[in-house]
Every structure is written in structure tokens, then in C-alpha cells.
Protein chains: 2
Amino acid sequence: MQYQEAKSKFIQAWGTLGSSWGINRAMAQIHALLLISDKPLSTDEIMVDLQISRGNANMNIRALIDWGIVNKELRAGERKEFFFADKDIWELARQVSRERQKRELAPILKVLGELDSIEGEDASAMEFKQVVKELKKFTGNVNGVLQKFSNSDEHWFYAVLMKLAK
Amino acid sequence: MQYQEAKSKFIQAWGTLGSSWGINRAMAQIHALLLISDKPLSTDEIMVDLQISRGNANMNIRALIDWGIVNKELRAGERKEFFFADKDIWELARQVSRERQKRELAPILKVLGELDSIEGEDASAMEFKQVVKELKKFTGNVNGVLQKFSNSDEHWFYAVLMKLAK
DNA sequence: AGTATATTTCAGAATATTTTGAAAATTCAA
DNA sequence: TTGAATTTTCAAAATATTCTGAAATATACT
């Protein structure tokens, strides 16, 4: 397979994967492009390569920086900014997990906490309490695992894998 | 807090959480409703409770059944179908993980496999190969963990948690 | 300050997704 | 069969999201 074909297949696939995880296509594709690029790219290069507008490119580059998975490089004597993605996939996974924990798990934990003490003793209320209780237990555990994961290194993860495998 | 208020807060929160995971709001809300209901509900009851149309209710109930997280109950002498969600949160998590593995991880693994042998020895091609290689390693590992998780029981998960904690 | 270059913003346009509701299809009992 | 009850389908409408492009803003050099 030719490089160009492989590249566009990969960018395409990454975009699709992103969509099903609540990340918009352009954002995922910019990330894919930076991930496989052997050097930092400017906004203009990204625009040309992915055929998207300046506004779109800019907004999504900022979002990626917000997520902490893309950084900018400033070059002495150059006005232009260049962007690059961290090549360490583990670091990427940890960062994404950290952000999603913050953006999604935290809010639901908060809501579950607020639902703590509902009134009523009838079947509906009892069932509700039970489900909320189980969900809290579950989300608490997930939270714990993510916490652990996002603060550990690749080596740790392999160790865990080994233990699981047995 | 009154039951009704708690119920609507919960349904609302579950809907929002669903959205950020690529599950549409109505689908997530129907699931939330069934999860906390102390008895199976008919399409009509769901329509009234969530204020959605028949078509919408029907489509999303089917989708939930497709995902394997909602089931129907048929009652002797009744035409109407009643729906209920599995109350076991662990079973729910396993099922969702199984489905996402099938729907999302499998396709990306397939693409990565196809990108195996790209031609070229220049910097771009080399970088590309390297990233694809790392991604394959990573997704392979994730796949392994999910596989393990989706075939194990709650007890196993706790055992893992204990090991991780140390 | 003036100028050229680059980045950001954002209203409107384009797309994509979700929802509705009524017609068509299905099911079951009489 | 027939027909009433129920489920399913799907075109059109409503809504939500994403994208564009040009104007506004910012930056750095002379």
C-alpha cells in the first residue's frame, strides 16, 4: 500500500472512531494527522491537508490543546505556530482518561451524591434508592481504577495485564 | 428530596452522560427510566413519562434491545409488550463493554491490520509505521483487558481492584 | 506609529442527527 | 376472515452540531 493511501485511511478511521466517542470528526482527524506527522505542522498545512477552513482548524486545534493532547511549538524568528501531538500512546490514553474522568465521571458522581436521601418508602422509591446505591458503588470503583491508571506508567499497566492474564 | 424530583434529575443526568458517549439522549433516558422502574413498562407508559413520540420510543427501545441491555416481557393474554432493564450494573457494564468492543475496537483493529505493510523508507513513512505499530500494541492490550472484563464476574473485578490498590 | 503576518471570533450556511406522527404492517382473538 | 389493538416504518420537520469565511483582533518587526 502506498503511503498516501495508508495515511488517508488512517485519518479516516481515526475520525470515525472519534465520532463514536463524542469527539467531532475534524478534531479527531487533526489529531490523527499530527500523530503520524514526522514534524510539527502549521494551521495552514493542516487546512490544506484535511481540506478544512481556517476557523474549523483553529477551533479544533485549540480544543486538542485544551484536552492536553496537542502542543504548540514556537520557533525563534517565526510568527507562525506549529503543532504536534505526543507520540506516546500511553500518555495519550492517560490524558484522555484524565479528561473524561473530569468532564463526565465527576458530574455524574455529583448528581448521584445529591440523590442520596430521597423520601418515600413505596416500591418505586425503594427501587430507586437501590439502583442509585449500586451505581454509586460502581462509579466509585471505576473512578478508582481510572485514578490509578492516569497516574501510572506503561510498566505498571503491563504488570497489571500480567496479573489479569493468569 | 421528593421522589419525582430525584427521578427526573437522574433521567436527565443519565441522558447527558449518554450523549457524551455517543448514545442519543432519548435512548439513554429510556434506559434510565427502565433502570429505576420497579416494574416493566409499556411503550405507552414510556411515551407519557418521557414526553416523546411513539416512533421515537419504539426505535430507541429496539436499539436498547439490540445492545442487549433491555428485554421484553410478554404476558399471557396481553398483546402489549413490556420492557425492563437488567438491574445488575456489572452486567450492564459488561454488556456495554462487549458491544463497544465489537462495534468500535474491532473496526479500528481491522484498519490497523490493513495498514501493516506500507511502502517507503522516508521520514514520513517511517514515522507512520512507528505510530501504527504502537497503536496496534495498545489496542491489542485494551482488547485483552476488555475481553477479560466482559467474561468475568463482579468478584473477579474486586480481586483486580485489590491488586491494583496495593 | 505603520505594516505585514498570523490568530481568533462568530454569524450565517451547510450538514447531520433526532423526532414526529400518521400510514402501513403485523398480530391475535373471536 | 375480520377487525381491533399494537408495533413498525419512514418521509418530512425540528433540532443540534459543525463548518465556513471574512472581519476583528493580536503580534512582532521596521
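Here is the naming used below: chain letters follow the sequence lines, and residue numbers restart at 1 for every chain.
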Quick tally for nucleotides 18-25 of chain C: nucleotides whose base has a protein heavy atom under 4.0 Å get B, sugar-phosphate-only ones S, the rest -, giving SBBB----
List the residues meeting salt bridge (charged side-chain N to carboxylate O under 4.0 Å, His left out) with B:E114, not counting sequence neighbours, and say none if there are none. A:K9, B:K110
Length of the line joining A:N58:CG and C:dC10:C1', which is rounded to integer Å: 12 Å
With sequence neighbours left out, what residues match A:R25 under side-chain hydrogen bond (donor to acceptor under 3.5 Å, both in side chains)? none
What residues in residues 73-86 of chain B put a non-hydrogen atom under 4.0 Å from any atom of DNA chain D? B:R79, B:K80, B:E81
B:F84: what forms a ring-ring contact (aromatic ring centres under 6.0 Å, His included) with it, not counting sequence neighbours? none
Using a 3.5 Å limit for the pairing distances, which stems of at least 3 consecutive Watson-Crick or G-U wobble pairs does DNA chain D take part in? C:1-30 with D:1-30
Give the C-alpha distance, both sets of side-chain angles, the deciding distance and a yes or no for side chain to side chain contact (heavy atoms under 4.5 Å, CB included) between B:M126 and A:D38. CA-CA 8 Å; B:M126 295 306 282; A:D38 63 322; over 6 Å; no
Contacts of type salt bridge (charged side-chain N to carboxylate O under 4.0 Å, His left out), residue A:K102, not counting sequence neighbours: A:E99
About how many Å separate CG of B:L109 and CG of B:L135, when rounded to the nearest 0.5 Å? 10.0 Å
How many Å lie between CG on A:D66 and P on C:dT8, as a whole number? 12 Å
Nearest 0.5 Å please: distance from the OG atom of A:S8 over to the CG atom of A:L33. 11.5 Å
If the condition is side chain to side chain contact (heavy atoms under 4.5 Å, CB included), which residues does A:A13 pass it with, not counting sequence neighbours? B:I108, B:V111
Could you tell me which residues satisfy ring-ring contact (aromatic ring centres under 6.0 Å, His included) with B:F82, sequence neighbours excluded, listed by chain and number? none
Check every nucleotide of DNA chain D for an atom under 4.0 Å from a heavy-atom of chain A, then give the first and the last such nucleotide from 5' to 3'. D:dT18 to D:dA28
Is the closest side-chain donor-acceptor distance between B:E127 and B:S124 under 3.5 Å? no
Can you confirm whether the side chains of B:R98 and B:Q101 place a donor and an acceptor under 3.5 Å from each other? no
Atom CG of A:D44 and atom P of C:dT8: how far apart are they, to the nearest Å? 13 Å
Residues at least two apart in sequence or cross-chain that pass side chain to side chain contact (heavy atoms under 4.5 Å, CB included) with A:A6, listed by chain then number, are A:M1, B:L115, B:I118, B:F128
Who are the side-chain hydrogen bond (donor to acceptor under 3.5 Å, both in side chains) partners of A:N58, not counting sequence neighbours? none
